[in-house]
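Step one of this worksheet: look at the structure below.
These values consider heavy atoms only, across backbone and side chains, with no hydrogens, waters or symmetry-generated copies. In the text below, chain A, chain B and the rest are named by the order of the sequence lines, each starting its count at 1.
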Amino acid sequence: MEQMKMSCKKIIVIAVVWCVCVFPLESVRAEGVRAAISGQNLVCRVETDRAVLPAGSSQDVVLKITLDAPPVPGHVQRPPVNLSLVLDQSGSMGGVKIEQAKAAAVEALRRLGQQDIFSVVVYDSNVATIVPAQHAQNVQGIIRMIDQIRAGGSTALFGGVSQGASEIRKHIEEDFIHRIVLLSDGLANVGPRMPEDLGRLGAALIKENISVSTVGVGTDYNEDLMARLARESDGNTYFVESGYDLPGIFAAELGDVLNVVAKQVKVTVTLPEDVTAVEIIGREGRIRGQKIELFMNQLYGDQEKYALIKVKIPPSAAGTKRKIAQADVKYENPFSKKIEQSSGISYASFSQDSKKITESTNVDVVKEYQLNLNALAQEKAIALSDKGQKKEAVQELKKSAARLKSMGAQYKDERLLDQADALEVQAQKIEEKGMTKKDRKILRTESYQQLFQQKSQE
Amino acid sequence: MTHKRSIIFFWALFLVPTLIMAGAAFTLLSHEQDRISESARTALVERARTVCESIHLTIETVQGNLVQSLLDLDPQQLEKHLIQWEQTNPLIRNVFIWQKKQNEPYLEYPLRGMASTREERWFIARYDALFTGRIPFDFNREELNTEHLNKESENKPLSGSGSAHAQYDADQKMPGKSSRQTLFSMSRLTSKSASDETAFRKSGANPPGRVEQSGWIPWFSENRLFILGWVQKYETGPVYGVELEFMTLLSQLVTDFPTELQKNSAMVLMDGYDTHMHQAGQLQIDPEQKPLALIPVSPRLPHWRLGVFTDTHAGPANRGFLYISLLLLGVFISAIVSGGILLTRATLANMKDAQQKTSFVSSVSHELKTPLTSIRMYAELLLSKRVQDETRIRTYLSVIVDESHRLTRLINNVLDFGRLEQGKKKYQYSVIDLADFLDHIVQAHSIRIHSSGMQIFKKYRKLDYTIRTDRDALEQVVLNLLDNALKYAAQGKFILFILEKENDFFVLKICDDGPGISRIHREKIFERFHRVDDSLSAKQPGSGLGLTIARQILRDLGGDLNVEPMPGNGSCFTARIKHHDAD
């Protein structure tokens, strides 16, 4: 069953990659024509898990602040991209992996236009810039430079990212979408190597509008480090088992980069005076009294990103209606280069009719809330397994699977049920054989993608 | 023999000092190599020191700029500007505002609890000792003052319009932007965040209560180094500051490391736990390897050191000078030794030649004298007319004719040898039947053969023996071989002539059942002047040229001459004769 699901997943991924590879940018632009008709503004929605709340008691409510990114406008030139590929050329990358990484780099290069900037940095024990930052014009010359890459040595991952950032900075003042794509198949063994350290580097780079997307190859890389770096810098994270998937992944990543429709997205949620923020689920944010601040670096065309916030509301009388929250979004439109804003307000009414309350459930909010709780449970299971508490890790996963199953059954939601089944199988497998490197990587990547919705919508 | 020994002795006299000189040169070269390696190591260490100084100056300037920027902040909107700075500046990890209210320590920003991000909560926990007032902010003032005094001239950036700003301005004018320049620009506050404080400060006025204290605290927590900078503008005012984003600092510093180090060396930036934070240079460092030098990076980064590593198992890269020198020395010695050997060989060969020539002249003189004596004796007898018997007269005349022929052949051989040696012999090709040609010679010399007591046998295969070659030259070859057989195999009973064909060659064999030729002489008999017995008293007359000439002629005609032992006794000379096509 699990294998079938994995196969289906693979087929979907391959199909998506194929689509991305076969249909060039022009198809993205064609999509944009529809966007021009449908309007260009980012839409902010604020929803509660139930539209009607029980009257007369204080209660916790889950708020979902959704940002619906518009499609890429077709009539406007897309913003140029400043892309730096940071490739691992340590000894373990020898053979198919390094050849496919080179092919992936060439694939990425071919998808760029003359206005874009391209650079390639390689690292083993040392760091070297193979292609200094330059306009993607002399394609054949750049391909010849990429062909020189040979595998051998240790893994100076930190130095590689630093050098990649240095290449990006050569054009940092200009109006580019700045992106580093980091590829690694092994453990960093030269330079800072703790996930926290790389996370801090990511957090600093995002302040310069540089995002780092990480691609882990095989089962020997440090997924915590790669996910943390991507998370802090608002990039994507990918796990591929074999080098053969690399060109497709690079193409998909570049598809995202070329699709950016909003940069520097800042969400401020304002709560009425008597409503208290309890917690922000999954994401990093700041609760300052009645104001909750969230930050997202960028949104891709047609993407939906959201944040979940748990708030406490005071008792209200039946039949009343009140404002729960207002969200204001400020972002930079990379096409018009202007700061734009959007906002959304959520209201809830109160009733003592439990049927009415149940019927008012917003399945979408509940589902995403459960999936986020599940992602957090996956993170917790990883932490427990790392401490050698296999039994507790399995219990955590099973508990989450049961919760998903119950919710899935209640709301007849296929996605929740599928997720519950997959999680149960995974928990069973871990119970029998322990958490393999591959299991850990799948859990980490899935939870990351769920919590941060970083993977482009397929 | 004495001469030969003398030559070898003198050669040895020449060789021994050469080898001694070579040994001395090798020692000198080794020392020179060591000296070069040592100076390369020293240069590497010096370079590492320069890197450390550069890092120190960069950090000092960055910290100076940051302090300056903090002091320039508008006190009315301190929190707003600090938060804005933290959100946009990659060099700032966290900011804080702290002050004593009613003698109680109070952290104004970040606020404890949910109003802080997770990172800010960690930040508060990390510096709990400072924020709760257990440790004063200036607890390391003494240390800083000492450093300040030592580095007074370098600390000018702290004064606001010092060298850091000048350096920064100079850097801005340079093409491209190094990481150092990026750091400097990050460490400076944008003008809109600064109030008129800057102008106020530059005016030199100092309002009451203004103290402008500042400091940097290297802080170890969770096995990591954190750096906190603080300022206090007024005695009763708040202490506020920033925590450096250490990874940004490190990330920028490592990209300015030298990249063009030799393959067998490396510089490694190490933290207080000897973790390798960055490596420049291709050398693969063994975990157990001890560094050549460990240089403290900066007092601003306590316990951080820059390790210099070189390959202890010196490879070809750093011993290049020694190897090239040794190669040259080897070529020099080989040239001397091989030259000496060649000279000695040439001298010995010349000596042998001279000896053989002397022997040849004696032999030829002897050879010439013998028939001449016979001719002269019989001619004088005939001239005196004392011999009247017709038969005896005919015999005497026959001897004179035979001896004349012998003399002619001898002279012809000597003349031919000269021509062959100089490569001047010319060949006239004509078509002959080899069997007829051999029959004719055998017939002409049958009397000589029979008078030597030998019988003639022939063994010709039934083939077509038509060949195009030089008849006279070939006749000389056959006669020389025949003479050789008659001289040295006369005690045998027969002489056998064989004709056959092997591949493209006609093969003529002249075999006898004489005493044969020993193995050691089998090749030497074809050398010029060589005779198995070369003394004047040799039993058989000869010049030692017959076989040499015969082989040389056959080789010139595209064939060859060899000798093989006959089964039982005797020898068999095999002449391979090549057919020459008409041009």
Worksheet entry | Residue A/V278 versus chain B: region with a heavy atom under 4.5 Å | backbone
Response to the item:
Exactly one of B/D271, B/L250, B/V254 clears side-chain contact (heavy atoms from CB on, under 4.5 Å) with A/P192, and that residue is B/L250
Worksheet item: Which atom pair, heavy atoms only, marks the closest approach of A/R193 to B/H276?
Response: NH2-O, 3.0 Å
Worksheet item: Short question: side chain of A/K207, backbone of B/E86 - any donor-acceptor pair under 3.5 Å?
Response: yes
Worksheet item: Between CD of A/E208 and OG1 of B/T248, what distance do you get to the nearest 0.5 Å?
Response: 7.0 Å
Worksheet item: B/R93: what forms a side-chain hydrogen bond (donor to acceptor under 3.5 Å, both in side chains) with it, not counting sequence neighbours?
Response: B/E119
Worksheet item: Of all of A/K291, A/R286, A/E293, which one pairs up most often with chain B through heavy atoms under 4.5 Å apart?
Response: A/R286
Worksheet item: Any idea which of A/Q163, A/E196, A/R200, A/E279 has the most non-hydrogen atom pairs under 4.5 angstrom with chain B?
Response: A/R200
Worksheet item: Side chain, backbone, both or neither: which part of B/T88 has a non-hydrogen atom closer than 4.5 Å to chain A?
Response: backbone
Item to complete: Dump the intermediate steps for side-chain contact (heavy atoms from CB on, under 4.5 Å) on A/F158 and B/M247, then the final yes or no.
Response: CA-CA 9 Å; A/F158 180 86; B/M247 286 300 136; 3.5 Å; yes
Discussion item. For B/K101, is the NZ atom crowded, meaning more than 12 foreign heavy atoms sit under 6.0 Å from it?
Written reply: yes
Item to complete: Please flag which part of B/Q279 lies under 4.5 Å from any non-hydrogen atom of chain A: side chain, backbone, both or neither.
Response: both
Worksheet entry | Straight-line distance of A/R288 CZ to B/T117 OG1, nearest 0.5 Å | 9.0 Å
Practice prompt. Identify which of A/I280, A/D197, A/L198 forms the greatest number of heavy-atom pairs closer than 4.5 Å to chain B.
Written response: A/D197
Worksheet item: Which heavy atom of A/S162 sits nearest a heavy atom of B/S251, and at what distance?
Response: OG-OG, 3.1 Å
